[in-house]
Q: 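Take this structure first; my questions come after.
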Amino acid sequence: MYDQSGMTREAVKWDYELRNGEQVEAVIDRALSVIMSEPMGPAYLSLPREVLSVHMDEFSYTSPSIIKPSKSSLPNPEDLDEAASILAKAENPVIITNWAGRNKGVMPALVDIAERYALPVVEFSNRYVAMPRRHPMYAGGNPNPFVKAADAILVIDCAVPWLPALVNPSEDCKVLHMAPDPMYSMFPIRSFRSDLALACGADLGLLALAEAMEEPAKSNIARIDERRTQLTEKHSAMEENWAKKLEEVKTQTPIHPAWISHCLGQISDGDTIFANESKLQVQYLTTEKPTKILNAGASSGLGHGMGVALGAKLADRDRLVIGCHGDGSYMFNVPISAHYVAADQDLPILSVVFNNQKWQAVRGATLRMQPDGYASKANQMPLAHFTVEQNYEKMVEISGGVGEQVTDPEQMMPALERAHKAVMEDRRQAVVNVVSSDPN
Ligand SMILES: Cc1ncc(C[n+]2csc(CCOP(=O)(O)OP(=O)(O)O)c2C)c(N)n1
Ligand SMILES: [Mg+2]
């Protein structure tokens, strides 16, 4: 290849090729400091064989590194005051986020500001969980009704806060952005309106904003209290719907994702780490602690989940780590390699396959784009269905793990309990292949 790093350049913050041994310390320190500075992201370093094989008489390095990464920062004070005034005085404000939950400090700060000023929080196609699902100010995953009604929108760490083809804010709505890089300069194009852009870490930014809102909010207390009541009622209705749905589907065959999620909620707790690339329904899990649910990344990402689960387990070997994968995603993971690594490195993870025998997301997207197209008339949409029944549970056995297939909803809990015992007590990795339906 002329330029090996070029292959990854679009997806990393920094790349480099080691040129000689003298550089090793500087290059590693540079890489670590770049990836750990906000906004955090990966780097790619290539190590040519010729350089690696040159003899060096001696080598020393300073540890910890002499280059400290830069941390989360505070927003510009003038803009902060203006943002605080807009949000505090708004009739119908909303917070929309996608990946703010990656920062551990965000959840407590977001809960605090949302509670104090009755701000609904929408997590749109979220990659992390920033707001506990049972919190009264959690307003679901659909921004559309909120964007339509809003006179102020605070977008936090979110490249795409709504889909302009479906909804747009009104002319006089103020749109505020908060992120370490609120221009999202790593993306070639982004054209959402920005009346104010606060460049800061979302944790510190939200804490500062909550303080700055105190004074201007005094003139709007009645509306804030009224909103709190309305949002709390709306949220309660949402929770009732979750419970109703679960009742309705818990005995269904094929097994419904809500039932799988509920059962996963029973064998896990707030400290369990979930790597997710499936139809896992997070509202049935415990979500009161930050950075525990890691969804697929921004660069499409399916097939990353087993690597994430292995990494989480490596960081904390006694923690319960569960990977949830669609059947298509499980295949993307190269599971034979992932199970080998789990066995070789003693990383007993639990993998749950949501096996609906298709690429439902692709099928659904095709139907949304072309509701009357050729594909919609086919009994089985071309290239979206898996026609061979796959016994995914067998895959883990070749590396000494335990696998089980579940088709009966009554067997969901017992199967997960056996798998839980396998990974946590016997330290054997496990796969539970659940023959499942699509959420509706
Ligand atoms: C690496 C990668 N390739 C392709 C896609 C496009 N894509 C999005 S969803 C999907 C299907 C996933 O199928 P599965 O994991 O079985 O989940 P389901 O939609 O059936 O719930 C594909 C191919 C992607 N997101 N990432
Ligand atoms: Mg599938």
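We count ligands from 1, going down the list as the structure has it; atoms in each ligand are counted the same way.
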Q: Counting from 1, what ligand 1 atoms have a heavy atom of K358 closer than 4.0 Å?
A: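 Counting atoms of ligand 1 from 1, those under 4.0 Å from K358 are 16 (O), 20 (O).
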
Q: Nearest heavy atom to atom 21 (O) of ligand 1 wins, so pick from Q360, Q357, K279, M331.
A: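 The option holding the nearest heavy atom is K279.
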
Q: Given D151 and N92, is the side chain to side chain donor-acceptor pair (under 3.5 Å) satisfied, shown in steps?
A: CA-CA 6 Å; D151 52 354; N92 293 310; 5.2 Å; no

Q: Fit a plane to each ring of Y284 and H262, take the angle between them on a 0 to 90° scale, and name the class: parallel (under 30°), tilted (30 to 60°) or perpendicular (over 60°).
A: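 Rings of Y284 and H262: perpendicular, as their planes differ by over 60°.
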
Q: Check the angle between the aromatic planes of W242 and Y138 and answer parallel, tilted or perpendicular using the 30° and 60° thresholds.
A: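 W242 and Y138: tilted rings.
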
Q: Restricting to N/O/S atoms, is K358 within less than 2.8 Å of the Mg ion (ligand 2) or not?
A: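 An N, O or S atom of K358 is closer than 2.8 Å to the Mg ion (ligand 2), so yes.
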
Q: If you measure every N/O of F386 against every N/O of ligand 1, is any gap under 3.5 Å?
A: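 Min N/O separation from ligand 1 is not below 3.5 Å for F386.
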
Q: Heavy-atom contacts with N356 under 4.0 Å: which atoms of ligand 1 show up? List them by number with element.
A: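 Counting from 1, the qualifying ligand atoms are 18 (P), 20 (O), 21 (O).
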
Q: Under a 4.0 Å N-O cut-off, is there an ion pair linking D157 with R102?
A: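 Salt bridge between D157 and R102, a charged N being under 4.0 Å from a carboxylate O: no.
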
Q: Is it the case that more than 12 heavy atoms not belonging to M36 sit under 6.0 Å from its CE atom?
A: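 No.
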
Q: Taking 2.8 Å as the cut-off, does N356 contribute an N, O or S atom near the Mg ion (ligand 2), distance below it?
A: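 Looking at N356, which is the residue asked about, there is an N, O or S atom under 2.8 Å from the Mg ion (ligand 2).
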
Q: Do any nitrogen or oxygen atoms of E277 come within less than 3.5 Å of a nitrogen or oxygen of ligand 1?
A: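 The answer is no, given that E277 and ligand 1 share no N or O pair closer than 3.5 Å.
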
Q: Answer side chain, backbone, both or neither: which part of D327 comes under 4.0 Å from ligand 1, heavy atoms only.
A: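 Looking at D327 and ligand 1, atoms from backbone and side chain both fall under 4.0 Å.
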
Q: Using a 6.0 Å cut-off, check whether atom NZ of K13 has over 12 heavy atoms from anything other than its own residue.
A: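 Yes, the 6.0 Å shell around NZ holds more than 12 heavy atoms from other groups.
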
Q: Specify which N/O/S atom of D327 comes nearest to the Mg ion (ligand 2), by atom name.
A: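 Per the distance ranking, D327 contributes OD1 as its closest N/O/S atom to the Mg ion (ligand 2).
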
Q: Quick check against the 3.5 Å criterion: does Y128 have a side-chain atom that pairs as donor or acceptor with the backbone of I293?
A: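 Here the side-chain-to-backbone pair does not exist.
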
Q: Using a strict 4.0 Å cut-off to heavy atoms of S329, name the atoms of ligand 1 that fall inside it.
A: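 Answer, ordered by atom number: 14 (P), 15 (O).
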
Q: Is any N or O atom of A361, backbone or side chain, closer than 3.5 Å to an N or O atom of ligand 1?
A: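 Yes - when backbone and side-chain N and O of A361 are compared with those of ligand 1, one distance drops under 3.5 Å.
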
Q: Y330 vs H339 aromatic rings, parallel, tilted or perpendicular, using cut-offs 30° and 60°?
A: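 Rings of Y330 and H339: tilted, 30 to 60°.
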
